[in-house]
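Written out below as structure tokens is the structure these notes cover.
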Amino acid sequence: MALSRKKWNTIIIVASVLMISVLTVIEKNSQQTPLHTQALFDKAALLSQLQYGEHWLQKRQSGWQCSSNVLNCLEWANAWQQVHISALTDKPETAGEPIELVIQVDDLDDAQLWVLFQQQGLLKSPAGNWYQVSPSLREALKPIIRAQVN
């Protein structure tokens, strides 16, 4: 039995509405922070400085200041201030080049050396503990760098 043009159009419209609904649900769920995460920095220990490879950001009285080639200083600083992590019980498999992070927290004299595996969103603390960054927050943790003109 062949379907008429009207029936095919109806099938296409219904399939399109279902696809849009599924994609909307997926998008909403991927933007939510999982319940088992915790903030890396809280109100008692705020981020004051961060060295991300060769790029840096620092909190001053006038606001955030970054290395001269970082284009998204305020957004980058806010992303790091609001980053959420999940503790991992086992050592994960890592891939890609690690990025050394030197983190300075308010009211502490000593900086901490963390290691970030950007592709997988993995953080290794100075104590050797492993954490995973929420997937929806990972991209914002990278600075946008001004292109070098040769």
Side-chain angles (χ1 to χ4, degrees), residues 11-150:
I11 291 171
I12 291 171
I13 290 170
V14 169
S16 298
V17 168
L18 284 173
M19 181 60 96
I20 290 171
S21 300
V22 168
L23 291 175
T24 302
V25 168
I26 290 172
E27 175 70 19
K28 285 182 180 178
N29 289 335
S30 68
Q31 295 298 325
Q32 293 177 348
T33 304
L35 295 176
H36 62 280
T37 65
Q38 62 187 19
L40 183 58
F41 305 105
D42 61 14
K43 293 180 182 179
L46 293 172
L47 175 66
S48 63
Q49 292 181 12
L50 175 79
Q51 178 79 33
Y52 180 99
E54 60 189 43
H55 310 291
W56 56 268
L57 62 87
Q58 182 177 21
K59 186 165 189 159
R60 307 258 171 133
Q61 289 181 345
S62 60
W64 286 100
Q65 184 178 6
C66 296
S67 46
S68 61
N69 55 352
V70 174
L71 298 175
N72 64 333
C73 186
L74 184 59
E75 295 85 5
W76 186 41
N78 287 336
W80 274 103
Q81 280 185 302
Q82 298 168 9
V83 68
H84 280 72
I85 55 174
S86 302
L88 300 176
T89 54
D90 298 326
K91 181 182 177 196
E93 294 289 324
T94 57
E97 278 294 313
I99 300 168
E100 288 190 351
L101 301 174
V102 180
I103 297 174
Q104 179 85 35
V105 177
D106 279 344
D107 301 330
L108 291 179
D109 293 331
D110 295 333
Q112 300 176 351
L113 178 64
W114 290 65
V115 178
L116 172 68
F117 291 87
Q118 183 67 42
Q119 283 181 321
Q120 300 152 303
L122 296 172
L123 272 172
K124 183 179 178 185
S125 74
N129 298 321
W130 286 91
Y131 301 94
Q132 187 151 32
V133 177
S134 298
S136 61
L137 304 175
R138 292 179 191 167
E139 195 62 33
L141 298 180
K142 292 191 295 188
I144 298 175
I145 307 301
R146 179 176 288 125
Q148 298 286 332
V149 179
N150 291 333

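All residue numbers refer to positions in the sequence shown, counting from 1.
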*Taking all heavy atoms of Ile85 and all of Leu123, pick out the closest pair and write down the distance.*
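Scanning both residues, the minimum pair turns out to be CG2-CD1, 4.0 Å.
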Under 3.5 Å, which donor-acceptor pairs do the side chains of residues 92-102 form with other protein atoms, sequence neighbours left out?
none

*Which residues pass the salt bridge (Lys or Arg N to Asp or Glu O under 4.0 Å) test with Lys142, sequence neighbours left out?*
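Counting only residues at least two positions away or on another chain, Lys142 forms a salt bridge (Lys or Arg N to Asp or Glu O under 4.0 Å) with Glu139.
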Does a side-chain heavy-atom distance below 4.5 Å link [X] with [Y]?
X: Arg138; Y: Gln132; value: yes
X: Ser86; Y: Tyr131; value: no
X: Leu113; Y: Pro126; value: no
X: Val105; Y: Ile103; value: yes
X: Val133; Y: His84; value: no
X: Lys59; Y: Leu47; value: no

*State which residues pass side chain to side chain contact (heavy atoms under 4.5 Å, CB included) with Ala140; sequence neighbours excluded, sorted by chain then number.*
Ala79
*Non-neighbouring partners of Asn72 that pass side chain to side chain contact (heavy atoms under 4.5 Å, CB included), sequence neighbours left out*: Val70, Glu75, Trp76, Pro143, Ile144
_Could you check whether Trp56 and Gln58, counting side-chain N and O atoms only, form a donor-acceptor pair closer than 3.5 Å?_
no
*Please identify each residue that fulfils ring-ring contact (aromatic ring centres under 6.0 Å, His included) with Trp130, with sequence neighbours left out.*
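Counting only residues at least two positions away or on another chain, Trp130 forms a ring-ring contact (aromatic ring centres under 6.0 Å, His included) with Phe117.
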Which distance, rounded to the nearest 0.5 Å, do you find between the [atom1] of [X] and the [atom2] of [Y]?
X: Cys73; Y: His55; atom1: SG; atom2: NE2; value: 12.5 Å
X: Leu116; Y: Leu122; atom1: CG; atom2: CG; value: 8.5 Å
X: Ser134; Y: Leu141; atom1: OG; atom2: CG; value: 9.5 Å
X: Gln81; Y: Ser48; atom1: CD; atom2: OG; value: 10.0 Å

*With sequence neighbours excluded, residues passing side-chain hydrogen bond (donor to acceptor under 3.5 Å, both in side chains) with Gln118*: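 side-chain hydrogen bond (donor to acceptor under 3.5 Å, both in side chains) check on Gln118 returns Tyr52.
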